[in-house]
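Read through the structure below, which is laid out as structure tokens, and then see the notes.
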Amino acid sequence: MLDAKWVREHADEVRDAAKRKRMDPEVVDGFLENDRNHRLVLQQVEGLRADLKASSSELGKMSSEERKVALGVQRSKKAELKELEQQEHELRVVVKDFAMRLPMPPAADVPDGLDDGGNVELSVSGPIPEKDFEIQTHDDLGEKIGVIDIKRGVKIAGSRNYLLLGDAARLERAVLNLALDHMMKRGFEMVSVPTLVNRACMEGTGYFPGGEEQAYLAERDDLALVGTSEVPLTSIHSGETLDFHNLPVRRVALSPCYRREAGTYGKDTKGLYRVHQFWKVEQVVLGPSDEAWSLEEHKRMLGHATDLMNLLELPYRVVNVCTGDLGQGQVQKFDIETWMPSRGAYGETHSASRFHDFQTRRLNLRYRPEGKGKPQFCHSLNNTVIASPRVLIALMENHQLADGTIYVPEVLRPYLGGDTVLRGNA
RNA sequence: GGAGAGAUGGCAGAGUGGCCGAAUGCGGCAGCUUGCUAAGCUGUUGAGCUGAUUUGUCAGCUCCGAGGGUUCAAAUCCCUCUCUCUCCGCCA
């Protein structure tokens, strides 16, 4: 959400943001018009209320005859007020609805672009592996050595579901545990979070309204399964005013993630790339309302993830996500894309976003600055640390050996009982 | 799932229709004191919105879990919802 006052004074900037993010700029004008009307009506309501209030307190001191006369006047004013209040209430709802859909303007160095094709490569790390044998796709290999079973996953839960068995399941657990330890070493507090959350969390983090189609809903209880632990992690302190001493708040969580993947029929149907349920270790940071700090932290958080990728000895690149591929609330986003031989391309494995105060305004999450200052909205940021099974694709393919076994990077060995290669059930 | 109790400012806690944005205590902040042993005294201390502004503020409105209602007037009465606690039931 944006500050209403700021939007009034920077309407062109917001309209421009909408265009660049490929959203309808009409929301801006819809907001402005209704906001203007709302404030006009609000002034009338407040004036009349003040009037009514003043005369009402007189009533308590009046004699009964005086009161009888005065009551008649009060009643007619009251009726007038009621009508105005009704108008005010309706307009308020409309304004809120528009406000919830206003786009956060992208940072200056976000490249323009229509979709992910417009993303700009910032850096490349590690050579693409060249092998003297044909690399088997993760799903072919996994099936062959009995560690991935997509057919039976589908039998149990429908398309885009899967089973990991034996070494694949062990590898997944190992990578996730490594990721958690990696972040805790860097001062992040590990949190176990709810993944079935209420509407306020989904709205507060910016997934609703608009993303309802992508979420599994438990409608009977008005709850949603989260697509990322960013939702509960960022919502922890909603409605609170934190002390500046406690900032920044750096947290990490491992959680299952659920995504309906509506509108992706026929896309990435092979293998474990796009699935309905996966595990993710996510980092979330809340900090002061300070652009420079926010920028620095964004880079640090990206670094936590790339450092881990280096430890996993995987080839990847970092892209500066373009305007058309940026979400409504994101100011800037860097994706890490990891080389996936089966795709013959880099595939998105991480997404590092900074939001400014977009989420914290919706969540009403503030902090009291040092000294006497008024409470300010925090800045929020998040980034993937590792997501599985997507990272398993990279591990099983890039680290594949000629005999169909999988090389285990040194850093993972302590998590796999010292194993240096995984051979599955072959 | 059943029965009951409750939700008030950073915290504790008073307030059952007009004198209440709200006593008191604690905490925080500022000052004074420093021979009542990290103490005493004094003062101060919520948020949001709207308008005006000589950008210091000023005026008005809203907020006592949330949303509705009754009333000239609601923290206070009524309804719905959410959450918390106690007892019972069920249960990993």
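For clarity, every value in this text was computed on a predicted model and none was experimentally measured.
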(request) Take atom CG of A/L52 and atom P of B/U71, then tell me their distance rounded to the nearest Å. (result) 14 Å
(request) Find the distance A/N246:CG to B/G28:P and express it as a whole number of Å. (result) 15 Å
(request) With C1' as the reference atom in both, quote the distance from B/A12 to B/A22 in angstrom, rounded to an integer. (result) 16 Å
(request) Could you tell me which nucleotide pairs with B/A75 by Watson-Crick or G-U wobble geometry, both distances under 3.5 Å, or answer none if nothing does? (result) none
(message) With hydrogens left out and only the distance checked, is there a donor-acceptor pair under 3.5 Å joining A/Q43's side chain and the base of B/G51?
(response) no
(message) Work out how far the C1' atom of B/C91 is from that of B/G4, and round it to whole angstrom.
(response) 23 Å
(request) Using atom CD of A/Q44 as one end and atom P of B/U62 as the other, report the distance to the nearest whole Å. (result) 16 Å
(message) Output the rounded distance in Å from CZ (A/R92) to P (B/C61).
(response) 17 Å
(message) Side chain of A/R366 only, heavy atoms from C-beta on: which candidate in B/G48, B/U70, B/U62 is closest?
(response) B/G48
(request) Write down the distance separating the P atoms in B/U42 and B/G25, rounded off to the nearest Å. (result) 10 Å
(message) Partner lookup for B/C91, please. Criteria are Watson-Crick or G-U wobble with both distances under 3.5 angstrom; report none if nothing qualifies.
(response) none
(message) Can you confirm whether A/T323 sits close enough to A/P111 that some side-chain heavy atom of one is under 4.5 Å from a side-chain heavy atom of the other?
(response) no
(message) Counting only heavy atoms not in A/Q214 (residues, nucleotides, ligands), do more than 12 fall under 6.0 Å from its CD?
(response) yes
(request) Tell me which nucleotide among B/A47, B/G68, B/G60 gets nearest to the side chain of A/H89. (result) B/G68
(message) Let's see if you can work this out: which of B/C61, B/A47, B/A73 has an atom nearest to the side-chain heavy atoms of A/K78?
(response) B/A73
(request) May I have the distance from A/N37 (atom CG) to B/U50 (atom C1'), rounded to whole angstrom? (result) 15 Å
(request) For B/A30 versus B/C64, give the span between their C1' atoms, rounded off to a whole number of Å. (result) 29 Å
(request) Tell me the partner of B/U84, counting only Watson-Crick (N1-N3 plus N6-O4 or O6-N4) or G-U wobble (N1-O2 and O6-N3) with both under 3.5 Å; none if nothing fits. (result) B/A5
(message) Taking the nucleotide of RNA chain B with the nearest heavy atom to each, does A/P375 or A/K82 sit closer to the 5' end?
(response) A/P375
(message) If the glycosidic angle sits within 90 degrees of zero it is syn, else anti. Tell me which applies to B/G56.
(response) syn
(request) Tell which nucleotide pairs with B/U55, taking only Watson-Crick or G-U wobble pairs whose two distances are both under 3.5 angstrom. (result) none
(message) Give me the distance, rounded to whole Å, that separates B/G27 from B/A38 when you measure between the P atoms they each carry.
(response) 14 Å
(request) Identify which nucleotide among B/C72, B/C49, B/G60 has an atom closest to any side-chain atom of A/A50, counting heavy atoms from C-beta outward. (result) B/G60
(message) Quick check on A/R152: does its CZ atom have over 12 non-hydrogen neighbours (other residues, nucleotides or ligands) under 6.0 Å away?
(response) no
(request) Check the angle between the aromatic planes of A/F334 and A/H298 and answer parallel, tilted or perpendicular using the 30° and 60° thresholds. (result) parallel
(message) Expressed as a whole number of angstroms, how long is the span from A/E240:CD to B/A47:C1'?
(response) 15 Å
(request) Write down the partner of B/G17 under the Watson-Crick or G-U wobble criteria, each distance required to be under 3.5 Å. (result) none
(request) Searching all strands shown, indicate the nucleotide that pairs with B/C63 (Watson-Crick or G-U wobble; both distances under 3.5 Å). (result) B/G46
(message) Could you check whether any side-chain heavy atom of A/L422 comes within less than 4.5 Å of a side-chain heavy atom of A/R170, counting everything from C-beta outward?
(response) yes
(request) Between B/U24 and B/C77, how far apart are the P atoms? Round to whole Å, please. (result) 24 Å
(request) Ignoring hydrogens and angles, tell me if any N or O in the side chain of A/N364 forms a donor-acceptor pair with the backbone of A/G239 under 3.5 Å. (result) no
(message) Under a 3.5 Å threshold, yes or no: a donor from one side chain and an acceptor from the other, between A/Y207 and A/E230?
(response) yes
(message) Rounding to an integer number of Å, can you tell me how far A/D243 CG sits from B/G10 P?
(response) 13 Å
(request) For B/C32, give its Watson-Crick or G-U wobble partner with both distances under 3.5 Å, or none. (result) B/G40
(request) Taking atom types as modelled, find out whether A/N310 and A/Y316 have a side-chain donor-acceptor pair closer than 3.5 angstrom. (result) yes
(message) Let's see if you can work this out: which of B/C72, B/C61, B/U50 has an atom nearest to the side-chain heavy atoms of A/Q74?
(response) B/C72
(request) Looking at every strand, decide which applies to A/R36 at a 4.0 Å heavy-atom threshold: base, sugar-phosphate, or nothing. (result) nothing
(request) Take the protein atom CG of A/N364 and the nucleotide atom C1' of B/G65, then report the distance between them rounded to whole Å. (result) 14 Å
(request) Give the nucleotide from the list B/G51, B/G60, B/U62 with an atom nearest to the side chain of A/R39. (result) B/G51
(message) Rounding to an integer number of angstrom, what distance separates B/G60 and B/A7 when you compare their C1' atoms?
(response) 30 Å
(request) Please determine if a side-chain N or O atom of A/K53 lies less than 4.0 Å away from the OP1 or OP2 oxygen of B/C20. (result) no
(message) With a 3.5 Å limit on both atom pairs, tell me what B/A12 is paired to, counting Watson-Crick and G-U wobble, or say none.
(response) B/U24
(request) Determine the interatomic distance between P on B/G65 and the same-named atom on B/G56; round to the nearest Å. (result) 37 Å
